[in-house]
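Values below: every heavy atom of this structure, side chains too, minus hydrogens, waters and symmetry copies. In what follows, chains carry the letters A, B, and so on, assigned in the order in which the sequence lines appear, proteins first and then strands, with residues in each chain numbered from 1. Keep in mind that what you see is a predicted model, and the values were worked out from it rather than measured.
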Amino acid sequence: MERLRQRADFLAAAAGVRAPATGFVLQVRGRGDDGPPRFGFTASRKVGTAVERNRARRRLRDVVRRTDAADVATGHDYVLVARRAALSLPFDRLVAEFRSALRRVADKRRTGETGARAHRVRGAGKTDGTASARPARRAQG
RNA sequence: UCAGUCGGCCGGACGGCCGCUGCGGCAAGGGCCGAAAGGCCGCCGGAGAGGAAAGUCCGGGCUCCUUGGACAUGCGGUGCCGGAUAACGUCCGGCGGGGGAAACCCCAGGGAAAGUGCCACAGAGAACAGACCGCCGUCCCGCCUCGGGCGGGCGGCAAGGGUGAAACGGUGCGGUAAGAGCGCACCGCGCCUCCGGCAACGGAGGCGGCACGGCAAACCCCACCGGGAGCAAAACCGAAUAGGGGCGGCAGGAGCCGCAAGGCUCAGGUCGAUGUCCAGACCCGCCGCCCGGGUAGGUUGCUCGAGACGCCGAGCAAUCGGCGUCCUAGAGGAAUGGCCGUCACGCGCGGGACCUUUGCCGGUUCCGCGCCCUACAGAACCCGGCUUACAGGCCGGCUGAUACA
């Protein structure tokens, strides 16, 4: 997994498409090339103390690591902004939320529209039933 | 065993799957990103948060700044004595004062006879203090139920009451009209001498009749210490763009001066919604190359150090010396983890057995289920301290009580 390091990259992603969830807010920006996707993680002071911020960032990092491939587009930067719930939510729930958020973001980018379509997309994310199938396939490879 | 007190230590364990960071070794040829500097990509091995990593309150190392140094002034800090230390406001050992039955704990603990200032309220009186109640008189006046009493005047008194944080030292005896260091003894206080101690200070003796209230976290005085900023310090490498300097090539209307270089004048272009005129400001060339400063960015600084552990020695101790062994996190939108299982510890609920009891309560142990699945908390240049936070647990010293021997 390639990580975002420069402050400018984070600022650019913040201006892109966003998809809120209980545990985090996902922000995506197309870079305009076809390199590998990159990920950044942010946990502000609002999340809690230094210990809690580190823990939130590490959990989100592993959420991304276990999801990989499929819904992630090449040539895009993804930033996960941690919320306080990222500390207490069950891990499986976070993984499901991340898949849902990825799908919503992809829809938004395809239609070029935001706002009105978000309701339908959020409903589609809840019916996602492939949560347990993906890690199993990973184990074979 | 219980109660208290002081000090030290630990602060989950094991395993599975999947990851991260840097180090060492092996490979050494290539690929990718970038304009460059530089970065990333392979396999194996071992390593990877704390006692406070925290607050950023003191003290240092290190780096840069004032050209460098000295002194003075100002400002800030510290404040019993001795020792430890690189240094400290830290630590150790003492001294003095206060608390406790004791172990032990607490103290911002220099100077108030260098000066200035403040001491509210209450109270009669508060800093060369003071008669409100009261006590006393062989003094004077008046009245009466007349060897006495009452009231008033004059005078004496700081013992008692009352106020206050504090009232010209306390207790006792003598003394007196009543009283008072007025006199005496003891205690306190001040001064002097001697003795003990490196010293803070302690002890003894003598003298003084008591003067010298408190506040210096009020100004101040005295002694000692301190230049400022901080790793986003700082060093090196180094784009794009704008601007600076230099070199070369090409272009350069008209007139005048000049051999020439060049100079002057008139033209030329840009500026306001547009055009003309006037005034003003600016440009007064274009292209290529080179140089230096410097921003983004990159690399270094970055972990071998007042280092850790063990043994021996010195010292009451803080600590110091010697010898041996070891290398023990180095990130940078920030690695040191995520998920799961088993176990331990703790807490709660239910049940069984045993001890105790009339019984309840209580204690021990076993089983099952549930909870927390750990508290406080995450290195950010590095050390020495201080302060604050902390579930639970372990060990030891000392004091007191009880039991046994």
Are there any protein N/O atoms within less than 3.5 Å of an N/O atom in nucleotides 334-340 of chain B, and if so, which ones and at what distance?
from, atom 1, to, atom 2, distance (Å)
B:A334, OP1, A:Arg3, NH2, 2.4
B:A334, OP2, A:Arg3, NH2, 2.7
B:A335, OP1, A:Arg57, NH1, 3.3
B:U336, OP1, A:Arg61, NH2, 2.8
B:U336, OP2, A:Arg58, NE, 2.7
B:U336, OP2, A:Arg58, NH2, 3.0
B:G338, OP1, A:Arg55, NH1, 2.9
B:G338, N2, A:Arg66, NH2, 2.9
B:G338, N3, A:Arg66, NH2, 3.3
B:C339, OP1, A:Arg59, NE, 3.0
B:C339, OP1, A:Arg59, NH2, 3.0

Mind telling me if [N] is syn or anti? Syn here is a glycosidic angle within 90° of 0.
N	result
B:G181	syn
B:U357	anti
B:G51	syn
B:A49	syn

When the [atom1] atoms of [M] and [N] are compared, how many Å lie between them, rounded to an integer?
N	M	atom1	value
B:C345	B:A52	C1'	23 Å
B:G332	B:C65	C1'	28 Å
B:A49	B:C14	P	13 Å
B:C191	B:A200	P	15 Å
B:G346	B:A317	P	40 Å
B:G45	B:C373	C1'	34 Å
B:A308	B:G76	C1'	39 Å
B:C20	B:A334	C1'	12 Å

Complementary nucleotide of [N], counting Watson-Crick and G-U pairs under 3.5 Å:
N	value
B:U116	B:A218
B:G164	none
B:C304	none
B:C224	B:G77
B:G346	B:C371
B:U388	none
B:C311	B:G322
B:U328	none

_Flag, side chain of A:Arg59 to backbone of A:Asn54, donor-acceptor distance under 3.5 Å_ =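 Pair absent, no side-chain N/O of A:Arg59 close to backbone of A:Asn54.
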
*Could you check how far CG of A:Leu60 sits from C1' of B:C20, rounded to whole Å?*
16 Å

*Atom of A:Pro20, atom of A:Arg83 and distance for their closest heavy-atom approach*: CB-NH1, 4.4 Å

_Sequence-distant partners of A:Arg93, side-chain contact (heavy atoms from CB on, under 4.5 Å), two or more places apart_ =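 Scan of A:Arg93 (side-chain contact (heavy atoms from CB on, under 4.5 Å), adjacent residues dropped) gives A:Thr22, A:Leu89, A:Pro90, A:Glu97.
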
_Test side-chain contact (heavy atoms from CB on, under 4.5 Å) applied to A:Ala82 - qualifying residues, sequence neighbours left out_ =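 With neighbours one apart ignored, the set is A:Ala43, A:Val47, A:Ala56, A:Leu60.
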
*Take atom CZ in A:Arg57; do more than 12 heavy atoms of anything else shown fall under 6.0 Å from it?*
yes

*Treat each ILVMFWY residue as a node, draw an edge where side-chain heavy atoms are under 4.5 Å apart, and state whether A:Phe91 and A:Phe41 are in one component.*
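Per the 4.5 Å side-chain linkage, A:Phe91 and A:Phe41 are co-clustered.
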
*Kindly write out the residues that satisfy side chain to side chain donor-acceptor pair (under 3.5 Å) with A:Arg55, not counting sequence neighbours, or none if the list is empty.*
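Result, side chain to side chain donor-acceptor pair (under 3.5 Å) vs A:Arg55: none returned.
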
*Residues in salt bridge (charged side-chain N to carboxylate O under 4.0 Å, His left out) contact with A:Asp62, at least two apart in sequence or another chain*: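 If we apply the salt bridge (charged side-chain N to carboxylate O under 4.0 Å, His left out) test to A:Asp62, skipping adjacent residues, the hits are A:Arg65.
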
*Would you mind telling me which residue lines up with the more 5' stretch of RNA chain B, A:Thr49 or A:Val79, judged by nearest nucleotide?*
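Whichever sits nearer the 5' end wins; that is A:Val79.
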
*Residue whose closest nucleotide on RNA chain B lies nearer the 5' end, A:Val51 versus A:Thr42*: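 Mapping each residue to its closest nucleotide by heavy atoms, the 5'-most match is A:Thr42.
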
